[in-house]
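Okay, so here's the structure we're looking at.
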Amino acid sequence: MLHEKDIRKIRADFPILSQKIYDRELIYFDNAATTQKPEIVVKKIENGYFRYNANIHRGVHYLSQMATDAHEDARQTVANFIKADKKEDIIFTRGTTEAINLVAFSFGEAFCWAGDEIVLSVMEHHSNIVPWQMLCKRKAMKLRVIPIDENGKLYLDEYEAMLNERTKLIAITHVSNVLGTINPVEQIIEIAHRHDIPVLVDGAQAVPHIAVDVKKLDADFYVFSGHKVYGPTGVGVLYGKEKWLERMPPYQGGGEMIATVSFEKTTYNELPFKFEAGTPDYIGSVAFAEALEYVEKIGIKSIADYENRLTEYALERLKIIRNIRIIGNTGQRTSVLSFMIGDIHPYDIGILLDKLGIAVRTGHHCAQPLMDYFNIPGTVRTSFAFYNTKEEIDTFVAALQKVVDMLL
Ligand code: PLP
């Protein structure tokens, strides 16, 4: 269990947190957009460029072998973190978005035809909508959307009723980036598998906050981004079951992903390299693995427990704000909180909070269909990480009170 004194020590690992903005202590509550980086992660990047920078896989020389080993060790660390069977099931991408585009293109090429259907939910991030829409356009297919109730809970019976012989894949978020809702993905996958339909889980907002075991979930594909879990930008993960990845064509062509090339015919490399065309971000992957090890050292269960206590505290404290409406209340949630206050535009609240040193996100959070569903222009969103504190929440609530008094 994490205590105040542990948090003080943890905060010292994140140099960015101890700075002042507008002459005030920075309060960073925008962790769902991206998390801050501990010093060891940034040092790992520096060390990579200063000590062993050389292109990987192709070199026989010392530095190239060092870089290759570091990159492949990083792949193993990722596999261990999400409890994948083997490192070959891990494909490095630029992030969640690229991982979903990869599957939408490649799975679409192999398994989807005119009239087929993809099922997703109303609470998806645009990253888990648009690539499927593009596939639907390309192949004359249809999107089906699982509805939610006013608390942000998926209607599972409607979901199951939607499945039929034309359903090719379910693409569902593990945790909503707007509502914080933890969806019952294990149950969703179990239902899909009863109909022999594979499931892609968008884990961008889950991996930083809750323990993820892709084997236990039985997910066919699981995707997430390094920068949301204290790692660098530009690195992410596609986990896929071998039985699917083997049968899917490459997403991009180029170096690394080939076995042989002639002008008559190209044969493709084995997994995972078939899906990693070009020079990968081998410095980033190693720093990403360092971030996962950092999280592991603190313990994802302790992180979840601490963040839950913070969120409960914030929910309680926010009750003093007049006309506040929390969007999404399912009980099962992470540390993302979205709200509206009366008819004040979220943007105005965000701008004024910023001037008081508090970083929150405002707007549609790349989930416009969800905003349409709730019939709102956007929300103010706070999202806590394990380096945030109750004192910061107190300062934030006092600042919000001030802002509301000005605007309401
Ligand atoms: N999916 C969810 C649920 C997200 O919250 C995000 C980012 O906010 C993404 C996908 C896209 O992640 P990235 O921009 O790192 O590719």
Side-chain angles (χ1 to χ4, degrees), residues 28-37 78 82 91-105 118 120-134 145-146 148 152 154 170-183 185 188 199-210 212 217 219 221-239 251 280-281 284-285 287-288 291-292 307 327-328 330 332-338 359-371 373 378-385:
Y28 186 76
F29 282 173
D30 193 19
N31 294 287
T34 199
T35 52
Q36 301 302 346
K37 320 303 169 199
V78 173
I82 57 169
I91 291 152
F92 281 121
T93 64
R94 283 195 302 121
T96 304
T97 304
E98 189 178 56
I100 297 173
N101 275 279
L102 188 162
V103 177
F105 174 82
I118 302 287
L120 38 77
S121 87
V122 77
M123 70 171 85
E124 299 310 314
H125 188 281
H126 295 164
S127 295
N128 201 26
I129 299 174
V130 183
W132 303 113
Q133 244 167 1
M134 290 162 70
V145 183
I146 313 168
I148 54 174
L154 294 167
I170 319 295
I172 188 88
T173 195
H174 198 163
V175 171
S176 160
N177 68 311
V178 178
L179 313 171
T181 311
I182 304 174
N183 285 324
V185 284
I188 290 168
V199 181
L200 175 141
V201 181
D202 174 352
Q205 297 294 343
V207 172
H209 303 291
I210 56 178
V212 170
L217 288 176
F221 302 99
Y222 197 98
V223 299
F224 63 105
S225 298
H227 71 97
K228 291 191 196 284
V229 59
Y230 312 98
T233 52
V235 194
V237 171
L238 163 63
Y239 158 82
Y251 171 53
D281 187 353
S285 63
F288 174 27
L292 295 180
E307 290 177 349
I327 311 292
T330 58
Q332 288 280 22
R333 69 177 320 140
T334 60
S335 53
V336 172
L337 276 184
S338 264
V360 297
R361 189 143 294 242
T362 63
H364 55 62
H365 316 294
C366 297
Q368 280 181 355
L370 184 61
M371 299 297 120
Y373 172 82
T379 72
V380 180
R381 182 185 74 183
T382 59
S383 48
F384 311 124

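In what follows, every heavy atom counts, from backbone to side chain, and hydrogens, waters and symmetry copies are set aside. Each ligand, and each atom within it, is numbered from 1 in the order the structure gives.
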Identify all pairs of nitrogen or oxygen atoms, one from ligand 1 and one from the protein, separated by less than 3.5 Å, and list them with distances.
unit_1   : atom_1 : unit_2 : atom_2 : d
ligand 1 : 1 (N)  : Asp202 : OD1    : 3.3
ligand 1 : 1 (N)  : Asp202 : OD2    : 2.5
ligand 1 : 5 (O)  : Gln205 : NE2    : 2.7
ligand 1 : 8 (O)  : His125 : NE2    : 3.4
ligand 1 : 8 (O)  : Lys228 : NZ     : 2.6
ligand 1 : 15 (O) : Ser225 : OG     : 2.7
ligand 1 : 15 (O) : His227 : NE2    : 2.7
ligand 1 : 16 (O) : Thr96  : N      : 3.4
ligand 1 : 16 (O) : Thr97  : N      : 2.9
ligand 1 : 16 (O) : Thr97  : OG1    : 2.6

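Using modelled atom types, one side-chain atom of Asn177 and one backbone atom of His365 make a donor-acceptor pair closer than 3.5 Å. Here the side chain of Thr35 pairs a donor or acceptor atom with the backbone of His227 at under 3.5 angstrom. Looking at Asn183, its side chain does come within 3.5 Å of a backbone N or O of Thr173 through a donor-acceptor pair.
Using the six-membered ring where Trp is involved, Phe384 and Phe29 have ring planes that are perpendicular, over 60° apart on the 30 and 60° scheme.
Under the 6.0 Å cut-off for aromatic ring centres, Tyr239 and Phe221 do not qualify, their centroids lying 6.0 Å or more apart.
In this structure, Arg333 places its CZ atom where more than 12 heavy-atom neighbours from other residues, nucleotides or ligands lie under 6.0 Å away.
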